[in-house]
Amino acid sequence: MISFIGAGSMGSAIIRGAVNNGYDAKQITATTKSRESSVQLSTELGINSFSLETDPNANVKAVAGAKMVVLGVKPYQILDSIDEILDSLQSGTIVVSVAAGITIEAMQERLPGKPVFRVMPNTPSMIGIGVSGVAAGKHCDQQHIKQVVDLMESVGEVIQCEESQIDALSTISGSGPAYVFYFIEQFEKLAIEYGFSPQQAAVMVRQTFLGASELVVQAGSSPEELRKRVTSPNGTTEKAIEVFENSDVHKIFSEATQSALKRARQIAGLEG
Ligand SMILES: NC(=O)c1ccc[n+]([C@@H]2O[C@H](COP(=O)([O-])OP(=O)(O)OC[C@H]3O[C@@H](n4cnc5c(N)ncnc54)[C@H](OP(=O)(O)O)[C@@H]3O)[C@@H](O)[C@H]2O)c1
């Protein structure tokens, strides 16, 4: 049985992916704060769900017999949730946190000897095409890793990495969808400035991002090769790319991700 403590945007996305990928809904339990969210989860996905609103002991009850517990509450609630459920966990229960900024060490202190994972998914996980970083704690063996990787693969691709790389992964794939939304916003504004309707601008830009992303995945060529193929010497695309290059876009991207990384370290209390 897998138990989710907190099943909002991210927790429910993972549950939905798991159920769609053949996990038995009856073997999944989830808790939420409100009764309404809990009823919605059980109605939509057929899982067992409990709310704290109807039962203050919901979290404790939900983890009884679980072989894996996924903590899907907000980062500031993670350690309190561990304290709450600690005595009800079986000796070999895997504990997975999807929270930003909460270290394996902080969780491990409260869960001595237990297999603990830190996982960083991103929002496209909600539609089954996410990317998750998976970092294992010191008591995790290959069987534990396989179970967590299998679960996260139900909502997309998995990158196994060291915990020291999780913040860097987060600045690329965790925050990445927001960067892409930002670029889409900019291009849509430009299309409107060139006289297209907002609807036309949306189709033009979103389909371009979708098509180009799919092409780079399917083509088996590097993005650089694909870019060069559509960039004729002295053609229009080349003129646009020259402007990006002259503005040192790589440096701008580097500064942006460094800034995100610095903030991640501040949140984790590793930097002032
Ligand atoms: N959303 C993302 O894109 C994303 C990406 C990577 C990582 N994460 C991580 O995922 C975690 C959850 O984020 P989220 O965006 O999914 O938040 P969310 O939508 O607010 O979900 C939080 C869930 O926890 C429930 N909850 C609140 N207090 C609880 C308690 N004491 N015990 C049990 N359940 C409780 C909430 O119940 P109600 O539904 O009744 O409010 C809700 O189901 C965070 O730690 C975040 O860092 C999120």
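Atoms considered below: every heavy atom in the structure, side chains included; atoms not considered: hydrogens, waters and symmetry mates. First listed ligand is number 1; within each ligand, the first listed atom is number 1. In this text, all values refer to a predicted model and were calculated from it rather than measured experimentally.
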Item to complete: Report the C-alpha separation of R118 and E163 in whole Å, then their side-chain angles, then the decisive distance to 0.1 Å, and conclude whether the salt bridge (charged side-chain N to carboxylate O under 4.0 Å, His left out) test is met.
Response: CA-CA 7 Å; R118 188 167 159 198; E163 188 187 17; 2.8 Å; yes
closest protein heavy atom to atom 40 (O) of ligand 1 is S34 N, 2.7 Å
Contacts of E109 meeting side chain to side chain donor-acceptor pair (under 3.5 Å) (sequence neighbours excluded), chain-then-number -> none
heavy-atom search around atom 28 (N) of ligand 1 in the protein gives Q77 NE2, 3.1 Å
Tell me, do V98 and L71 make a side-chain contact under 4.5 Å, heavy atoms counted? no
Nearest non-hydrogen contact to atom 21 (O) of ligand 1 from the set P121, G8, S51, A99 belongs to G8
Here the atoms of ligand 1 under 4.0 Å from any heavy atom belonging to P75 are 44 (C), 45 (O), 47 (O)
| Is a side-chain N or O of S3 found less than 3.5 angstrom from the main chain of A62, in a donor-acceptor match? | yes
Closest to atom 19 (O) of ligand 1 among protein heavy atoms sits S9 N, 2.9 Å
- Message: With salt bridge (charged side-chain N to carboxylate O under 4.0 Å, His left out) as the criterion, how do K228 and E225 come out once you've worked through the C-alpha distance, each side chain's angles and the decisive distance to 0.1 Å?
- Response: CA-CA 5 Å; K228 286 183 174 159; E225 274 169 40; over 6 Å; no
Looking at E36, I'd like to know if its CD atom is crowded, meaning that more than 12 non-hydrogen atoms belonging to other residues, nucleotides or ligands lie closer than 6.0 Å. no
- Ion pair R110/D80, N-O distance below 4.0 Å: no
shortest atom 16 (O) of ligand 1-to-protein heavy-atom contact is with M10 N, 2.8 Å
of all protein heavy atoms, closest to atom 10 (O) of ligand 1 is V98 CG2, 3.4 Å
Atom 45 (O) of ligand 1 has as its nearest protein heavy atom V73 O, 2.7 Å
Taking only non-hydrogen atoms of M120 and a 4.0 Å limit, the atoms of ligand 1 in range are 6 (C)
A100 heavy atoms within 4.0 Å reach ligand 1 at atoms 47 (O)
Worksheet item: With only distance considered, is I78 within less than 3.5 Å of ligand 1 through an N or O on each side?
Response: no
G72 near ligand 1, heavy-atom distance under 4.0 Å?
yes
Closest to atom 32 (N) of ligand 1 among protein heavy atoms sits N59 ND2, 3.0 Å
Counting heavy atoms under 4.0 Å, the part of L52 that contacts ligand 1 is side chain
For atom 17 (O) of ligand 1, the closest protein heavy atom turns out to be K74 NZ, 3.3 Å
Heavy-atom proximity to atom 39 (O) of ligand 1, picking from S170, S37, S49, points to S37
- Side-chain donor-acceptor contact under 3.5 Å, E214 with Q218: yes
In terms of heavy-atom contacts, S88 and V63 come closest through CB-CG2, 3.6 Å
Numbered in order shown, the ligand 1 atoms found under 4.0 Å of a heavy atom of A7 are 23 (C), 43 (O)
Between F244 and F183 (judged by ring centroids, cut-off 6.0 Å), do the two rings come close enough to count as a pair?
no
Practice problem: Assess T123 for proximity to ligand 1: is some non-hydrogen atom of it under 4.0 Å away? | Solution: yes
Test side-chain contact (heavy atoms from CB on, under 4.5 Å) applied to M68 and V96, step by step: CA-CA 8 Å; M68 191 191 302; V96 178; 4.1 Å; yes
Do V134 and I159 pass the side-chain contact (heavy atoms from CB on, under 4.5 Å) test, and can you show the C-alpha distance, the side-chain angles, and the key distance before you say yes or no? CA-CA 6 Å; V134 170; I159 293 172; over 6 Å; no
Note: ligand 1 atoms sitting under 4.0 Å from heavy atoms of T31 are 33 (C), 34 (N)
Please say whether K33 places an N or O atom under 3.5 Å from an N or O atom belonging to ligand 1.
yes
